[in-house]
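Remarks on the structure that follows.
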Amino acid sequence: MIDRATLVDYCNALLDSAAFQDYCPNGLQVEGRASISLLVTGVTASQALLDAAVAADADMLLVHHGYFWKGEPAVITGIKQRRLKTLLSNELNLLAYHLPLDVHATLGNNAQLAQLMGWSISGGLEPDNPRSVGLYGELARSMSGSELAADLARVLQREPLHIAGSDRPIKRVAWCTGAAQGYIDKAIALGADAFVTGEISEPTVHAARENGIHFFSAGHHATERYGVRALGEHLASHFGIEHRFIDMDNPV
Ligand SMILES: [Zn+2]
């Protein structure tokens with residue numbers, strides 16, 4: 001068992017969360033019970049995940065997608081009321097890290113995706129940004145677009161959408177987990193043969209075809225399962241608490 005404040009302070013420091021300009025507050029978002037023995041992690045603090053955490057008698061829920069996003073309505077009605085009521089009436093702490101959990105050099109979503117896929121990391125997708133969210137690297141051996149698609153499907157357990165803007169073999173790959181289809185230009189600027197992210201928009205198809213790059217939409221949820229799970233495992237071993245990752249499937 002560990003007290004909440006110690007765990008939260010440790011996480012904030014580990015992820016350097018104060019250094020980020022983000023679209024939501026990072027760290028403790030909703031305060032619950034003061035001590036933690038069971039930590040549940042998941043990608044998004046949806047009602048289904050909250051209910052699963054309550055059923056498991058979790059003391060804290062740690063997610064990548066929490067609440068209080070910039071521009072969202074401030075009033076507490078509808079799904080927001082039900083979610084907050086679930087947290088508050090069960091004294092369940094909600095801890096959330098968005099960009100800090102994308103960027104962390106080992107536990108981050110992007111580093112974890114690289115590790116799972118066996119990609120080496122050469123640098124950031126934004127070379128001038130020390131907190132670049134995406135990364136790029138070289139494959140150990142070059143492969144075709146359909147080989148990389150098959151690799152993604154096997155590792156992420158989800159078929160990616162592959163836009164074959166080129167038929168050239170892939171050696172340099174750039175990636176950014178989540179909804180980073182707008183970063184395709186950064187991948188092109190780095191001379192990447194392929195760009196992998198979670199989502200796709202209509203203009204992304206044209207950008208891929210007209211710039212001659214392979215583009216893979218591999219799932220927002222599927223590419224962002226691994227950071228929060230890795231952080232949960234790290235916290236469990238660091239503090240000697242129990243951890244359970246609960247995957248609520250999302251096809252997007
Ligand atoms: Zn995301």
Side-chain angles (χ1 to χ4, degrees), residues 15-16 20 43 64 98-231 252:
L15 299 178
D16 195 19
F20 288 82
V43 178
H64 180 51
H98 182 236
L99 291 180
L101 192 53
D102 286 319
V103 170
H104 190 270
T106 55
L107 302 172
N109 282 319
N110 287 286
Q112 287 288 317
L113 181 64
Q115 193 184 315
L116 277 163
M117 293 297 300
W119 300 335
S120 69
I121 298 170
S122 305
L125 188 56
E126 301 170 288
D128 299 329
N129 180 359
R131 293 186 190 85
S132 172
V133 178
L135 299 168
Y136 77 98
E138 320 294 326
L139 301 182
R141 60 166 189 93
S142 61
M143 55 173 77
S144 69
S146 48
E147 282 177 301
L148 184 53
D151 244 23
L152 285 162
R154 178 179 53 78
V155 171
L156 300 178
Q157 298 291 297
R158 178 191 180 282
E159 289 296 330
L161 178 60
H162 174 205
I163 306 300
S166 160
D167 55 11
R168 70 172 187 259
I170 300 166
K171 180 73 180 159
R172 174 169 292 186
V173 61
W175 64 95
C176 188
T177 64
Q181 61 270 49
Y183 283 10
I184 188 170
D185 293 336
K186 298 181 194 294
I188 292 160
L190 282 169
D193 304 303
F195 181 52
V196 178
T197 184
E199 295 192 32
I200 184 165
S201 302
E202 195 273 351
T204 323
V205 177
H206 307 294
R209 288 177 180 161
E210 293 174 34
N211 287 290
I213 188 172
H214 293 273
F215 176 86
F216 298 87
S217 169
H220 188 141
H221 175 92
T223 56
E224 294 198 325
R225 285 185 197 115
Y226 306 102
V228 77
R229 189 182 72 179
L231 178 58
V252 172

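Please read all numbers here as calculations on a predicted model, not as lab measurements.
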- Going through the checks in order, is the side-chain contact (heavy atoms from CB on, under 4.5 Å) test met by His104 and Leu231? CA-CA 10 Å; His104 190 270; Leu231 178 58; over 6 Å; no
- Message: Any side-chain to backbone donor/acceptor pair from Ser217 onto Gly198? Under 3.5 Å, distance only.
- Response: yes
- Heavy atoms, side chains only, cut-off 4.5 Å: are Met117 and Val196 in contact? no
- Task: Mind checking the CG-CG spacing from Leu107 to Asn110? Nearest 0.5 Å is all I need.
- Result: 12.5 Å
- Message: Can a side-chain donor-acceptor contact be found between Asp102 and His64 if the only test is distance below 3.5 angstrom?
- Response: yes
- Query: Are any side-chain N or O atoms of Thr197 and backbone N or O atoms of Gly178, one a donor and one an acceptor, separated by less than 3.5 Å?
  - Reply: yes
- Query: Taking atom CG of Leu135 and atom CD1 of Ile121, what is their separation to the nearest 0.5 Å?
  - Reply: 5.0 Å
- Are the side chain of Gln112 and the backbone N or O of Thr106 linked by a donor-acceptor pair below 3.5 Å? yes
- Minimum-distance pair of heavy atoms, taken over all atoms of Ala187 and Ala174: CB-CB, 3.8 Å
- Task: Evaluate the side-chain proximity of Asp151 to Met143: yes if any heavy-atom separation is below 4.5 Å, no if none is.
- Result: yes
- Do Ile163 and Thr204 come within less than 4.5 Å of each other through their side chains, counting heavy atoms only? no
- Query: Considering only heavy atoms from C-beta outward, does the side chain of Phe216 approach that of Ile170 to under 4.5 Å?
  - Reply: yes
- Heavy atoms of Ala222 and Ala218 approach each other most closely as CB-O, 3.5 Å
- Query: Where the side chain of Asp193 meets the backbone of Arg172, is there a donor-acceptor pair that is under 3.5 Å apart?
  - Reply: yes
- Task: State, yes or no, whether a side-chain contact exists between Thr223 and Asn109 at a heavy-atom distance under 4.5 Å.
- Result: no
- Taking side chain as C-beta onward, heavy atoms only, is Leu125 less than 4.5 Å from Val133? no
- Query: So, for Ser201 and Gln181, which heavy atoms are closest and what is the spacing to 0.1 Å?
  - Reply: OG-NE2, 2.9 Å
- Note on the structure: Heavy-atom nearest pair, Gly219 first then Arg158, reads N-NH1, 3.4 Å
- Query: Should we say atom CD of Glu147 is surrounded by more than 12 heavy atoms from elsewhere, each under 6.0 Å from it?
  - Reply: yes
- Message: Contact between Leu113 and Leu156 at the side-chain level, heavy atoms closer than 4.5 Å - yes or no?
- Response: yes
- Task: Return yes if some donor-acceptor pair links the side-chain N/O of Ser132 with the main-chain N/O of Glu126 below 3.5 Å, else return no.
- Result: yes
- Item | Contact summary for Ala192 and Ile213, nearest pair of heavy atoms | O-CD1, 3.5 Å
- Going from OG on Ser144 to NE2 on His214, what distance comes out if it is rounded to the nearest 0.5 angstrom? 7.5 Å
- Query: Roughly how far, to the nearest 0.5 Å, is NE2 of His206 from CD1 of Ile184?
  - Reply: 11.5 Å
- Only one of Tyr136, Phe195, Trp119, Tyr183 passes ring-ring contact (aromatic ring centres under 6.0 Å, His included) with Trp175, and that residue is Trp119
- Please check if the side chain of His162 supplies one atom and the backbone of Ala150 the other of a donor-acceptor pair under 3.5 Å. no
- Message: Under 3.5 Å, is there a donor on one side chain and an acceptor on the other for Thr177 and Glu224?
- Response: yes
